[in-house]
S.K.: 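Got a structure for you, questions after.
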Amino acid sequence: MSSKPNAQDLADWYELCEDLAERPRKAAYSSNVKNNYLFLSEDKAVKAMYTWMRQNNVSPIFYNEGWGWRLRKDWRERLESIENM
């Protein structure tokens, strides 16, 4: 089961991405990031949301070995596209 992020989820994603945007190389390890539950949670609903985002190619972040979680260059467009889906 996968599910589209709701309005509060999107607000949390924007906050997370804005935090990453302020960091060198637009990257951080999960322990250093606000809203890190978005990619660490074992909660089924959070996992389903992230699965939905990956399946629809709208995830604003990706994991890179050596860098941690990295922000995609088109993160705003990806999040905005979710609002229109």
Side-chain angles (χ1 to χ4, degrees):
M1 179 179 156
S2 58
S3 64
K4 179 181 170 182
N6 63 32
Q8 182 58 55
D9 295 330
L10 281 174
D12 290 346
W13 277 106
Y14 273 103
E15 184 177 13
L16 170 69
C17 291
E18 288 165 356
D19 182 22
L20 286 172
E22 298 290 319
R23 295 172 180 268
R25 296 178 179 76
K26 313 279 189 253
Y29 285 98
S30 56
S31 60
N32 301 324
V33 179
K34 266 183 155 180
N35 294 337
N36 64 5
Y37 75 91
L38 290 170
F39 39 75
L40 289 179
S41 179
E42 292 297 318
D43 182 73
K44 288 182 182 181
V46 175
K47 284 184 165 190
M49 173 183 57
Y50 193 62
T51 297
W52 182 91
M53 293 173 82
R54 284 193 323 263
Q55 289 172 341
N56 288 281
N57 198 30
V58 293
S59 176
I61 60 171
F62 64 98
Y63 190 81
N64 186 288
E65 201 67 39
W67 294 92
W69 291 98
R70 296 204 68 189
L71 189 61
R72 295 185 185 278
K73 291 180 182 180
D74 63 346
W75 69 270
R76 284 189 193 280
E77 292 83 3
R78 287 171 177 260
L79 292 179
E80 288 170 2
S81 72
I82 293 171
E83 295 172 10
N84 298 321
M85 293 178 126

S.K.: Donor-acceptor pair, distance only, cut-off 3.5 Å: does the side chain of Arg72 make one with the backbone of Ser59?
M.R.: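 Side chain of Arg72 to backbone of Ser59, a donor-acceptor pair under 3.5 Å: yes, one is there.
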S.K.: What residues, two or more places apart in sequence or in another chain, satisfy side chain to side chain contact (heavy atoms under 4.5 Å, CB included) together with Asn57?
M.R.: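 For Asn57, the residues satisfying side chain to side chain contact (heavy atoms under 4.5 Å, CB included) (neighbours in sequence not counted) are Arg78.
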S.K.: Can you name the nearest heavy-atom pair linking Val58 to Trp52, along with the distance?
M.R.: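 Where Val58 meets Trp52 most closely, the heavy atoms are CG2-CZ3, 3.9 Å.
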S.K.: Using the salt bridge (charged side-chain N to carboxylate O under 4.0 Å, His left out) rule, collect all pairs that involve residues 19-32, keeping only residues at least two apart or in two chains.
M.R.: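 Of all non-adjacent pairs touching residues 19-32, those that pass salt bridge (charged side-chain N to carboxylate O under 4.0 Å, His left out) are Asp19-Arg23.
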S.K.: Considering all heavy atoms of both residues, which atom of Asn6 and which atom of Asp9 are nearest to each other, and what is their separation?
M.R.: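 The pair with the smallest heavy-atom distance is OD1-N, 2.8 Å.
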S.K.: When rounded to the nearest 0.5 angstrom, what distance separates OG1 in Thr51 from CG in Asn56?
M.R.: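 Rounded to the nearest 0.5 Å, the OG1-CG separation comes out at 11.0 Å.
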S.K.: Apply side chain to side chain contact (heavy atoms under 4.5 Å, CB included) to the pair Trp75 and Arg70, showing each step before the final yes or no.
M.R.: CA-CA 10 Å; Trp75 69 270; Arg70 296 204 68 189; over 6 Å; no
S.K.: Where do Lys4 and Ile82 come nearest, in terms of heavy atoms and distance?
M.R.: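 Heavy atoms only, the tightest pair is CE-O, 3.2 Å.
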S.K.: Using only atom types and a distance under 3.5 Å, with no angle test, would you say the side chain of Asp43 pairs donor to acceptor with the backbone of Val46?
M.R.: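 A pair under 3.5 Å: yes.
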S.K.: Examine Tyr63 and Met49 and state if one hydrophobic cluster contains both, with Ile, Leu, Val, Met, Phe, Trp and Tyr joined whenever side-chain heavy atoms are less than 4.5 Å apart.
M.R.: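 As far as the 4.5 Å side-chain criterion goes, Met49 and Tyr63 are connected within one cluster.
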S.K.: Might you point out which heavy atoms bring Ala27 and Trp67 nearest each other, and give the distance in Å?
M.R.: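 Answer, listing the atom of Ala27 first, then Trp67: CB-O, 3.6 Å.
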S.K.: Minimum heavy-atom separation for Tyr14 and Glu80, please, with both atom names.
M.R.: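 Reported closest heavy-atom pair: OH-CG, 3.4 Å.
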S.K.: Once you round to the nearest 0.5 Å, how far does CD of Glu83 lie from CG of Leu10?
M.R.: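 If I round to the nearest 0.5 Å, the distance is 5.5 Å.
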S.K.: Are any non-hydrogen side-chain atoms of Arg76 and Cys17 less than 4.5 angstrom apart?
M.R.: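 No - every pair of side-chain heavy atoms lies 4.5 Å or more apart.
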S.K.: Out of curiosity, does Leu16 fall in the hydrophobic cluster containing Tyr29 (side-chain heavy atoms, cut-off under 4.5 Å, transitive links)?
M.R.: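 As far as the 4.5 Å side-chain criterion goes, Leu16 and Tyr29 are connected within one cluster.
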S.K.: Using 30° and 60° as the class boundaries, would you call the ring planes of Trp69 and Tyr50 parallel, tilted or perpendicular?
M.R.: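 Rings of Trp69 and Tyr50: perpendicular, as their planes differ by over 60°.
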